[in-house]
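These numbers come from the heavy atoms of this one structure, side chains and all, not from hydrogens, waters or symmetry mates. So you know, we letter chains A, B, ... as the sequences are listed, proteins then strands, and number each from 1. Remember, predicted model here, so these are calculated numbers, not experimental data.
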Amino acid sequence: MKKDYDPSEIETRHYARWEAAGYFAPAGNGAPYCIVIPPPNVTGTLHMGHALQDTIMDALTRYHRMLGRRTLWQPGTDHAGIATQMVVERLLEREGTSRVALGREKFLERVWQWKERSGNTIARQMRRLGASVDWSRDRFTMDPGLSRAVLEVFVRLHDEGLIYRGKRLVNWDPVLHTAISDLEVVSSEERGKLWHLRYPVVGDPGNAVLIVATTRPETMLGDTAVAVHPADERYRHLVGKQVELPLTGRRIPIIADEYVDPEFGTGCVKITPAHDFNDYEVGLRHKLPMIGVLDASARINDDAPPAYRGLDRFVARKRVLEDLTAQGLLEKIEDHTSMLPRGERSGVVVEPMLTDQWYVRMQPLAEPAIEAVEQGRVRFIPETYARDYFDWMRKIQDWCISRQLWWGHRIPAWYDDNGNVYVARDEAEVRRKHNLATNIVLRQDEDVLDTWFSSALWPFSTLGWPDKTPELATFYPTSVLVTSWDIIFFWVARMIMMGLKFADGVPFRDVYIYSLIRDSEGQKMSKSKGNIIDPIDLIDGVDLDTLLKKRLDGLMQPNLQKSIERNTRKEFPQGIPAFGTDALRLTFASLVTTGRDVRFDMSRAEGYHRFCNKLWNATAYVLSQLDGIDGGPARLSTADTWIRSRLHGVIGTVHENFAAYRLDVVIQTLYDFAWHEFCDWYLELTKAVLNAPDAEAALKRGAQTTLVDVLSALLKLLHPLMPFLTEELWLEIAKQRGLSSPTLMLEPFPEATAFATDATAEEEIAWLKGFVVGIRQIRGETNLPRSKALTVRIADPSPSDRARITTHSLHLQKLAGLERIEVLEPGENVRGAATALLGGMRMLVPLAGLIDVSAEGERLRKQLAKTRDDLDKARRKLSNHNFVANAPPDIVAQENARIADFEQRASQLDAQIARLTELS
RNA sequence: AGGCGCGUAGCUCAGUGGUAGAGCACCACCUUGACAUGGUGGGGGUCGUAGGUUCGAAACCUAUCGCGCCUACCA
């Protein structure tokens with residue numbers, strides 16, 4: 001074994017071997033266990049969130065594989081319609097060309113090239129992370145098989161009447177020139193104005209005007225009514241009359257509708273059914289005409305008065321206001337903040353537009369999906385997310401699935417010249433189904449499907465649906481979906497609906513929602529904020545210049561460059577050190593707790609890197625101590641029995657917490673055991689035996705066997721979380737012990753029953769630790785160097801203390817740095833000694849010439865104060881008869897025992913302080 | 001407007017009714033034979049605030065403050 005732990009050297013070796021050997025493929029006859037990966041977008045590279053997610057899934061996958069389950073982690077990627085198209089368009093822009101210039105076919109070729117590159121990058125990153133996915137089953141949402149599933153679902157839903165085409169108001173992105181779904185719109189509060197416009201009432205003798213308040217004055221060009229509340233006394237008499245719509249020469253009715261809030265603004269609302277969702281509803285109710293005044297780029301179109309045609313919406317706004325002002329029709333302007341809807345991808349304000357789009361009727365699909373969660377057939381972890389799911393599902397709107405893009409699944413609909421629409425799997429089927437002669441010309445719909453349409457089918461399309469494949473039969477429903485809360489609506493809900501509809505059941509049993517990862521300031525990580533960290537840079541390390549280059553390259557908003565550079569230099573003055581994959585995975589898994597989001601903390605990674613190093617060195621030590629291990633019978637010492645007993649408990653805790661998706665607790669448990677029990681105590685305890693030339697051979701072999709057994713189990717327990725280092729160390733052990741184990745991956749996961757519990761040994765070692773710690777405290781607080789061997793005198797030992805001192809004298813001397821342990825005769829006294837207490841026994845270290853008497857007095861007085869404090873609290877508790885009457889008896893007994901302890905301790909300390917004073 | 005989450009040591013976070021915890025940071029001592037990426041000891045918290053329930057509350061309830069988020073919005 002090499003002397004130093006070097007993650008990069010280790011981590012480059014094992015993955016290729018695992019993959020080549022086919023260890024990632026499902027094997028054996030155990031109960032199936034399956035996770036489908038949330039397919040990353042082929043927009044570029046994996047980010048921290050992916051790395052976190054992959055860590056969780058890989059840990060779960062490896063754990064269940066080692067449990068003997070037939071385990072499949074299904075990999076793949078998503079074509080990510082809009083996102084990928086945008087990335088490639090930006091690329092073309094830098095090349096001085098464009099999507100339109102290339103034409104559809106050539107453009108798609110370019111996107112496929114990009115997909116190839118991005119897909120390879122993602123696969124490479126996943127391999128670096130140690131992801132044990134079955135690469136032989138890698139899928140892409142636009143693979144032929146998956147595309148067939150998309151067609152099948154579309155056609156079946158259409159034939160059932162659950163997909164329809166309709167002209168409705170839809171969120172329109174005027175930059176991307178496509179419809180987007182409600183979920184792709186992000187609203188944020190922005191400061192704006194509320195303009196009060198005067199609309200003259202037609203034929204009113206008193207020259208009455210209605211004043212409407214609006215945030216969108218330019219849309220008045222498309223107004224088709226003014227609405228008031230039916231019960232509003234101020235306007236009741238005007239309902240049914242008309243107003244003169246300024247700038248247009250049109251007259252529009254005054255209508256009454258409950259939608260109007262009489263308290264807000266003036267109580268009069270202009271109604272523009274073609275450009276506002278609420279107005280649209282009002283328009284439908286009152287059968288108003290719908291006049292769209294904007295084109296696909298949100299410029300004023302030819303249905304508006306000539307003066308405004310061709311103007312951008314914001315230019316038009318200015319012009320309309322100027323013209324109204326000129327005519328004295330602008331009453332007033334107020335400051336107003338309102339929620340502005342922007343396209344998730346383009347960032348521009350989206351425009352409600354009347355267009356022909358395809359929709360999925362959601363309600364019939366949602367009902368069984370709600371039921372599935374209510375009945376617990378799908379379980380959310382943490383369960384609080386089920387509430388979000390229900391809230392959304394219960395008021396779900398129809399899903400607009402058509403996108404005016406080129407990259408994606410083309411909608412399987414064909415049109416003839418008479419405006420008829422036909423839906424089928426292909427053109428030939430259309431002709432067969434509808435008996436269309438070959439001379440009838442058909443054109444396929446130009447649009448593609450929302451990328452989430454194919455994602456919704458992922459759990460069964462990747463397993464071969466619509467064919468009845470063995471994989472589908474074996475692994476559907478999958479075991480758990482691991483994802484973050486931000487795509488519960490986009491994806492999780494839709495998968496449940498589609499799974500129930502087409503795959504004959506829920507797509508997964510558990511939905512494990514993990515926390516979103518943020519930077520150390522609590523900011524969401526994003527390219528545009530310039531605070532991203534490539535997970536690979538945490539593995540390999542990165543210097544400041546490279547990091548800066550990555551963050552600043554291709555920035556969308558160049559004005560942020562300075563602040564990004566400043567922040568980066570401040571946070572990472574030396575760049576990022578190399579932590580290695582294992583340490584990074586431990587860090588991720590330890591952050592996965594119950595909260596909504598987590599901050600990535602570099603110092604945690606540092607800590608886990610040190611843990612890796614600790615494990616490396618411990619293994620090196622154990623392996624160096626095994627001479628003669630197979631030479632004969634072995635006998636277990638108390639220490640051996642103790643560590644085995646402790647391991648028993650640890651294994652149980654690990655199983656429980658894997659089941660509960662509490663990887664943080666799994667890590668905490670194993671870290672604590674490995675470092676603070678195995679290394680700190682057990683290894684040190686074995687040294688007394690292994691280094692003693694005259695130690696009994698069988699006892700020595702007991703220690704050696706236990707060292708190997710416990711370490712091996714520990715490596716197995718840790719493997720799902722830190723696969724590389726544990727594999728390396730396990731192979732070292734296997735080599736030295738002559739085991740024919742090609743990999744730790746396929747070793748059975750430890751069961752608690754393999755290690756016996758032993759309460760006596762645990763008590764015994766607890767006593768021993770108490771003894772050693774007592775002496776160490778004296779040493780520590782009096783600054784006695786370790787090199788100074790001490791003599792300790794024991795006063796008032798119980799018979800069992802005496803026995804234990806004899807049994808463990810070697811350990812006590814070694815661990816506490818003692819040269820002698822002397823038991824005092826009853827009544828015998830040591831004047832002026834530093835004291836430690838253990839039960840009724842006192843451990844006295846003579847002070848003479850060693851330490852400062854007054855400092856020792858101070859130390860004891862401090863302990864005494866603390867003890868009296870504890871004693872007071874306990875006494876108060878017990879003097880409360882309500883406590884004695886109501887608390888469970890074991891709690892009362894425990895409190896009584898504590899009091900006895902404290903009393904004994906206090907009196908011992910008292911006496912000892914007195915003896916010290918005597919001396920001085 | 002409704003809903004959700006969070007508030008525990010300097011920092012990042014565990015801890016769902018019974019003696020306040022971890023990692024990192026800090027202080028002191030120690031180059032002891034696996035590991036100085038280490039060892040030993042130590043300091044540091046009235047668990048956001050105020051009430052309540054309870055023998056007992058960091059935990060349960062109510063209110064309140066602060067932070068973050070989600071959903072739907074009044075034009």
Applying a 4.0 Å non-hydrogen cut-off, can you work out what A:Asn880 is touching in the nucleic acid: base, sugar-phosphate, or nothing?
sugar-phosphate

Can you figure out which of B:C55, B:A75, B:G33 approaches the side chain of A:Asn691 most closely?
B:G33

For a quick check of understanding: with a heavy-atom distance under 4.0 Å over all strands, which category does A:Arg776 fall into, base, sugar-phosphate or nothing?
sugar-phosphate

Does A:Phe611 reach a base, just sugar-phosphate, or nothing at all? Heavy atoms under 4.0 Å.
nothing

Check whether any side-chain nitrogen or oxygen of A:Trp675 sits under 4.0 Å from OP1 or OP2 of B:G39, and answer yes or no.
yes

I want to verify a distance call: between B:A72, B:G38, B:A75, whose nearest atom is closest to the A:Ser338 side chain?
B:A75

When you check the side-chain N and O atoms of A:Ser181 and A:Glu184, is any donor under 3.5 Å from an acceptor?
yes

Residue-phosphate contact under 4.0 Å: A:Arg662 side-chain N/O, B:G15 OP1/OP2:
yes

How close or far is atom P of B:A34 from atom OH of A:Tyr682, stated in whole angstroms?
15 Å

Distance test, side-chain N/O of A:Arg599 to OP1/OP2 of B:U12, below 4.0 Å
yes

Is there a side-chain polar atom (N or O) of A:His336 under 4.0 Å from OP1 or OP2 of B:A75?
yes

Counting any heavy atom closer than 4.0 Å, what does A:Cys612 reach on the DNA or RNA strands: base, sugar-phosphate only, or nothing?
nothing

Looking at B:G39, I'd like to know if its phosphate oxygens (OP1 or OP2) sit under 4.0 Å from a side-chain N or O belonging to A:Lys614.
yes

Rounding to an integer number of Å, can you tell me how far A:Tyr5 OH sits from B:C35 C1'?
14 Å

Quick one: do A:Arg610 and A:Glu606 make a salt bridge, cutoff under 4.0 Å?
yes

Please report the distance separating the P of B:G21 from the corresponding atom of B:G45, rounded so that it comes out in whole Å.
13 Å

Please report the distance separating the C1' of B:A72 from the corresponding atom of B:C13, rounded so that it comes out in whole Å.
34 Å

Going by atom types only, do A:Asp223 and A:Thr272 share a side-chain donor-acceptor pair under 3.5 Å?
yes

Determine the contact category for A:Arg604: base if any of its heavy atoms lies under 4.0 Å from a base atom, sugar-phosphate if only primed atoms, P, OP1 or OP2 are that close, otherwise nothing.
base

Closest to the A:Pro888 side chain, choosing from B:U71, B:U37, B:C55
B:C55

For B:A34 and A:Lys687 - does any side-chain N or O of the residue sit under 4.0 Å from the phosphate oxygens OP1/OP2?
yes

How would you label the contact of A:His676 with the nucleic acid (heavy atoms, under 4.0 Å): base, sugar-phosphate, or nothing?
sugar-phosphate

Measure CG/A:Asp182 against P/B:U71 and give the value in whole Å, please.
11 Å

Mind checking if A:Asp486 touches a base, just sugar-phosphate, or nothing, with heavy atoms under 4.0 Å?
nothing

Applying ring pair (Phe, Tyr, Trp, His ring centres under 6.0 Å) to A:Tyr235 and A:His229, what does each step give before you reach the verdict?
CA-CA 8 Å; A:Tyr235 305 114; A:His229 194 273; over 10 Å; no

Heavy atoms only, 4.0 Å cut-off, all strands: where does A:Arg387 land among base, sugar-phosphate and nothing?
sugar-phosphate

Looking across every strand, which nucleic acid part, if any, lies under 4.0 Å from A:Gln668 by heavy atom: base, sugar-phosphate, or nothing?
sugar-phosphate

What is the distance, to the nearest angstrom, from the CG atom on A:Leu815 to the P atom on B:G33?
15 Å

d(CD, A:Gln863; P, B:U19) in whole Å:
21 Å

Polar contact flag, side-chain donor to acceptor under 3.5 angstrom, A:Gln863-A:Arg905
yes

I'd like to know if the side chain of A:His275 pairs up with that of A:Glu351 as donor and acceptor (distance under 3.5 Å, no hydrogens or angles considered).
no

Round to a whole Å and report the spacing from CG of A:Asp664 to P of B:A14.
7 Å

Nearest-nucleotide comparison on RNA chain B, the residue closer to the 5′ end among A:Cys679 and A:Phe277
A:Cys679

Is there a side-chain contact between A:Gln777 and the phosphate of B:G42, meaning an N or O under 4.0 Å from OP1 or OP2?
yes

Residue among A:Leu623, A:Leu715, A:Leu718 satisfying side-chain contact (heavy atoms from CB on, under 4.5 Å) with A:Leu729:
A:Leu715

Please measure how far the P atom in B:G39 lies from the corresponding atom in B:A34, and state the result in whole Å.
13 Å

Which is true for A:Leu683 with a 4.0 Å heavy-atom rule: it touches a base, it touches only sugar-phosphate, or it touches nothing?
base

State whether A:Arg599 and A:Asp601 are salt-bridged, where the test is any N-O pair (Lys NZ or Arg NE/NH1/NH2 against Asp/Glu carboxylate O) under 4.0 Å.
no

In whole Å, I'd like the distance from the CG atom of A:Leu516 to the P atom of B:C6.
16 Å

What interatomic distance, in whole Å, is found between P of B:G56 and the corresponding atom of B:A14?
29 Å

From A:Trp491 CH2 over to A:Leu183 CG, what is the distance, rounded to the nearest 0.5 angstrom?
15.0 Å

In whole angstrom, give me the gap between the P atoms of B:A59 and B:G5.
16 Å

Could you tell me the Watson-Crick or G-U partner of B:U46, where both distances fall under 3.5 Å? Say none if there is no partner.
none

Salt bridge flag under 4.0 Å for residues A:Asp276 and A:Arg216
no

Hey, is A:Asp335 close enough to A:Lys193 for a salt bridge, meaning N to O under 4.0 Å?
yes

Gap in Å between the two P atoms, one belonging to B:C27 and one to B:G10, rounded:
16 Å

A:Arg610 vs B:C35: side-chain N/O to OP1/OP2 distance below 4.0 Å
no

Taking a pair to mean Watson-Crick or G-U wobble geometry with both distances below 3.5 Å, B:C24 pairs with B:G10

P gap between B:U49 and B:G23, integer Å
26 Å

Given the C1' atoms of B:U46 and B:G42, what is the spacing between them in whole Å?
22 Å

A:Lys862 with A:Glu781: basic N within carboxylate O range, under 4.0 Å
no

Mind checking A:Ala885 for me? I need base, sugar-phosphate or nothing, with any heavy atom below 4.0 Å counting as a touch.
nothing

Need the pair for B:C60. Rule: Watson-Crick or G-U wobble, both distances under 3.5 Å, any strand; none if unpaired.
B:G52

Nucleotide nearest A:Met339 when distance is taken to its side chain, options B:A34, B:G5, B:A72
B:A72

Heavy atoms only, 4.0 Å cut-off, all strands: where does A:Ala213 land among base, sugar-phosphate and nothing?
base

Between CD1 of A:Ile667 and C1' of B:C24 the distance, given in whole Å, is 16 Å

Across every strand shown, the nucleotide meeting Watson-Crick or G-U wobble geometry with B:G38 (both distances under 3.5 Å) is B:C30

For B:A34, does OP1 or OP2 lie under 4.0 Å from any side-chain N or O of A:Asn617?
no

Under 4.0 angstrom, heavy atoms only, what part of the nucleic acid is A:Glu684 near: base, sugar-phosphate, or nothing?
base

Pairwise N/O distances under 3.5 Å, protein to nucleotides 43-48 of chain B:
none

Could you check which of B:G18, B:C35, B:G42 has an atom nearest any side-chain atom of A:Lys3?
B:C35

Does B:C4 have a Watson-Crick or wobble partner in any strand here, with both distances under 3.5 angstrom, and which is it?
B:G68

